[in-house]
S.K.: 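Mind having a look at this structure? Questions to follow.
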Amino acid sequence: MKKNLLATLFLGVVAMSASGQGLSGNPYKFLGNITTRGNVDAGGGVPQYYQLWNQITCENESKWASVEGSRGNFNWSGADRAFNYAKQHDFTYKFHALVWGSQYPSWLDNLSAGERLSAMTNWFDHAKAQYEELPMIDVVNEAVGNHQAGNPMIKETLGGGGKTGYDWLIKAFEMAYERWPNAILIYNDYNSIQWDIDKYIDLVRTLRDAGAPIDAYGNQSHDVTNISENNLRNALKKQQDALQMPMFVTELDIDISNDAQQKAQYERVLPAMWEAPYCAGVTLWGYVHGATWVDNSGLYRNGTERPAMTWIKQYMQTDAAKNAVGPFPGTKKEASVYIRPAALKVAKDDVLPIKVRARMATKTIEKIDLYADDELVATMTEEPYIAEYMASTVGQKTLKAVVTTTDGSTYERLSRIQVTRGTLRSPYNGVVAEVPGTINVDEYDEGLSGVAYSNATRSTTTAMKNGQWMEYTVDVKEDGLYSVEAEVASTTADGMFHLSEYGFDNLTFYTNITKVPNTGSSSAFQTLRIPMTEPLTAGRHVFCLNIDKGGFFIKSLAFKKVPTVELPGTLEVEDLVEGEGADFASGNGGTVLSNTTAGEWMEYNVDFKEGGKYTLEATVSSAVDNSAFKVFLIEADGNEKSLCTVNVPNTGSLENYEVKSVKIRNGIKAGKQKIRVVINTGGCNIDKLQFVCTESTGIVMATDDEVTETQWFTPDGRKLSAPQKGINLERVVVNGSVKTRKVIR
């Protein structure tokens, strides 16, 4: 008899109790709750938290707005109370929630898309620094449709819909998995059982099929107050049949004031959820009357236990409750298994690469069998677990990865692809573009819509459309950091785009979301220089040009290695090697560092061809007083020097640029070094930094085999047989070129 798909998740796993001392003694699942008015114990005669529950979620204390209400200032005290209480009483904790279109900091509204992405990345990083390990995370909360007013903004922040329609959610899960690979990563939503069940299934299934590191789906269950038991069981079955993944009940409450009716509804609802073998745990959303967002959901009224609470205690002692199985014994994730096809759609007879991303917490993988429907595609025993599949028939195919560990345990994961008739995928005209080099935007890969492009046309006179994307197969010739020069034209300043790659291990953003300026007409093209935020490795890549907001024209993308800037000369701010928090936008006829905030930094490779004293001329703008940044020199030996502070004047607006000249305090040696720019007080834009040598001490000394002649002179030009005490001029001939430097003896 074929084993249940979910049953394979707990073969060979030691059944560890999920409980400290709460009502549930079930080793496979927990009965949890939330904090009450910011406190763990409710007080008022209600039993202590650990006597009732063996899992805790912060109602509000771990939400972004609660933690970072003021940008850069993090308050983890409320979340820490719950986290530490769970550790003290040996039960589990769920972080709620990393990404949500509500209860995010109000200051986020005032940032550009690129700045918001930087702020959100910083939020993830601080959460990781605070909690090195987390058992469970609501990675994304309530993203179906426009449940929350902030969803369109958050969607834009994380790169938009992209190839799958849900790329922004995939990006959120990838960011979470990068930081907490051992955590159970959950998508959480409400109205998922009654009102938005089909949209909810489509969202979660797309994430699963695309290979996002999602481990479970969460039903908030605020919509079950009046549901019949039959309808509930049918809805849960519909979800599970479609998703075949673990499920959590994350925010259960029954908002009924009548005691008998509330008890009767719990009797209908809780067993149907708890006893489902794919249910990994149930969290009730509050238990004190009047202390949650709904009026009558409390299980204790004036310190007195309501009948529903009495029944819950009794039910949790039944054999049915104690013996119900679940997918995560001890609420611990042993296997991370995700199927990442190169595309969700492929032409018949085309080759589709597929990777199984597999990672075990404590065990060792022996092999992975990959199936398409019932056909064995490959058996893989070594990383990377990549196979190629060629479909000979059209239709929807179910992919299944079966991971077998050395102790005989098996773990499964599903995905789906669509096989259709059409043009096989290939580079445009069969020619693979090279990087460094220039790609014409209309020369995207050939193939099917939804595979190589979407909503695109090869016409150069058609404006880009919202959600449009095109892919380009390229050959990167050399490892390194690159920049992109985009030729754009627009009659508005609303257009936005970014460059990404749908790799097997991540969805990589190679550029921040870039805003297109109003160039005056659809034929007045302007070049935007855009730094790539991630280095490229040599070899084959498939770049995706994502149109986040259309209405503009884009002609070409020129890829260039980030230069080592020769000084004296001009350092363009977009030519950074690395940095943190930097957001670039069009401005002052090119690309500028935009709307800076305190703590951001950028680092540049430079080569000072002349040592000596310098003046820095910074082209800057600001609409506020007291904006400033510092410039540092990192010498070849790693020694760091402070060069100067640039106090940016209030130029009236961010669009009005001025040159601020500052004398650099310390002399600068000739040679290859680094320049670091650190924002001290934000609110300014920076276009470029020009280093002007005001007093030269000459070149770097050449090696002996380069020097063909050396002569010494006094400062007034008299020739010397040897250098004398004081100031001398040393003139050397290097490979036929005459170079002079000042030497003090």
S.K.: Rounded to the nearest 0.5 Å, what separates atom OG1 in Thr283 from atom CD1 in Ile34?
M.R.: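 One gets 9.5 Å once the value is rounded to the nearest 0.5 Å.
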S.K.: Here's a test for you: under side-chain hydrogen bond (donor to acceptor under 3.5 Å, both in side chains), which of Glu334, Arg359, Lys332 qualifies with Asn182?
M.R.: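 When side-chain hydrogen bond (donor to acceptor under 3.5 Å, both in side chains) is applied between Asn182 and each of Glu334, Arg359, Lys332, only Arg359 qualifies.
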S.K.: Does a side-chain heavy-atom distance below 4.5 Å link Tyr190 with Val144?
M.R.: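 The answer is no; the side chains never approach within 4.5 Å.
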S.K.: Does some side-chain heavy atom of Ser192 sit less than 4.5 Å from a side-chain heavy atom of Gln220?
M.R.: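 No. Closest side-chain heavy atoms not under 4.5 Å.
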S.K.: Looking only at atom types and distance, does a side-chain atom of Asp445 sit under 3.5 Å from a main-chain N or O of Thr473, one as donor and one as acceptor?
M.R.: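 Checked: pair present.
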S.K.: Please check if the number of heavy atoms outside Glu382 that lie under 6.0 Å from its CD is greater than 12.
M.R.: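 Atom CD in Glu382 is not packed in, count stays at 12 or less.
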S.K.: Distance to the ring centre below 6.0 angstrom and angle to the axis at most 45 degrees; does that hold for Lys163 and Trp469?
M.R.: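 That pair qualifies as a cation-pi contact.
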S.K.: Under the 6.0 Å and 45° cation-pi test, does Lys171 pair with Phe509?
M.R.: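 Output yes; distance and angle both within limits.
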S.K.: Taking salt bridge (Lys or Arg N to Asp or Glu O under 4.0 Å) as the test, write out the residues that go with Arg179, two or more places apart.
M.R.: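 Applying salt bridge (Lys or Arg N to Asp or Glu O under 4.0 Å) to Arg179 gives Asp125.
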S.K.: Show the atom names and distances, to 0.1 Å, of all donor-acceptor pairs under 3.5 Å that link a side chain in residues 154-161 to residues at least two apart or in another chain.
M.R.:
from   : atom 1 : to     : atom 2 : distance (Å)
Glu156 : OE2    : Arg116 : NH2    : 2.4
Thr157 : OG1    : Arg116 : NE     : 2.7
Thr157 : OG1    : Met153 : O      : 2.8

S.K.: Salt-bridged, Asp350 to Lys348, with N to O below 4.0 Å?
M.R.: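 Salt bridge flag = no for Lys348 with Asp350.
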S.K.: Do the side chains of Asp505 and Lys355 get close enough for a salt bridge, i.e. N-O under 4.0 angstrom?
M.R.: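 Looking at Lys355 together with Asp505, the answer is yes, because their closest N to O distance falls below 4.0 Å.
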S.K.: Please confirm whether the backbone N or O of Cys58 pairs with a side-chain atom of Glu61, one donor and one acceptor, at under 3.5 Å?
M.R.: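 Side chain of Glu61 to backbone of Cys58: no pair is present.
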S.K.: Let's go through Asn219 and Gln239 carefully: what are the C-alpha distance in whole Å and the side-chain angles of both, what is the deciding distance for side chain to side chain donor-acceptor pair (under 3.5 Å) to 0.1 Å, and is it a yes or a no?
M.R.: CA-CA 10 Å; Asn219 286 307; Gln239 290 178 341; 2.9 Å; yes
S.K.: Taking it one step at a time, do Trp64 and Trp76 satisfy ring-ring contact (aromatic ring centres under 6.0 Å, His included)?
M.R.: CA-CA 10 Å; Trp64 192 2; Trp76 293 102; over 10 Å; no
S.K.: Would you please test Trp100 and Glu142 for side chain to side chain donor-acceptor pair (under 3.5 Å) and show each step?
M.R.: CA-CA 7 Å; Trp100 190 21; Glu142 299 177 4; 3.0 Å; yes
S.K.: Could you give me the CA-CA distance, side-chain angles and deciding distance for Lys345 and Gln418, then say whether side chain to side chain donor-acceptor pair (under 3.5 Å) is met?
M.R.: CA-CA 5 Å; Lys345 184 179 179 182; Gln418 186 69 34; over 6 Å; no
S.K.: Does a salt bridge link Glu375 with Lys397, judged by any charged N lying under 4.0 Å from a carboxylate O?
M.R.: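 Answer for the salt bridge query: no.
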S.K.: Does the Ser336 side chain pair with the main chain of Ala358, one donor and one acceptor, at a distance under 3.5 Å?
M.R.: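 A pair under 3.5 Å: no.
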S.K.: Please list every donor-acceptor pair under 3.5 Å in which a side-chain atom of residues 206-218 meets a protein atom from a residue at least two apart or in another chain.
M.R.:
from   : atom 1 : to     : atom 2 : distance (Å)
Thr206 : OG1    : Asp202 : O      : 2.7
Arg208 : NH1    : Ala242 : O      : 3.4
Arg208 : NH1    : Leu243 : O      : 2.8
Asp209 : OD1    : Arg416 : N      : 3.3
Asp209 : OD2    : Arg416 : NE     : 2.9
Asp209 : OD2    : Arg416 : NH2    : 3.4
Asp215 : OD1    : Tyr338 : OH     : 2.7
Asp215 : OD2    : Leu185 : N      : 2.9
Asp215 : OD2    : Lys333 : NZ     : 2.9
Tyr217 : OH     : Gln240 : NE2    : 2.8

S.K.: Examine distances only and state if a side-chain atom of Asp138 and a backbone atom of Asn188 form a donor-acceptor pair shorter than 3.5 Å.
M.R.: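 Checked: no pair found.
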S.K.: Taking everything shown except Lys199 itself, do over 12 heavy atoms lie less than 6.0 Å from its NZ?
M.R.: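 Counting neighbours around NZ of Lys199, 12 or fewer heavy atoms of other residues, nucleotides or ligands fall under 6.0 Å, so no.
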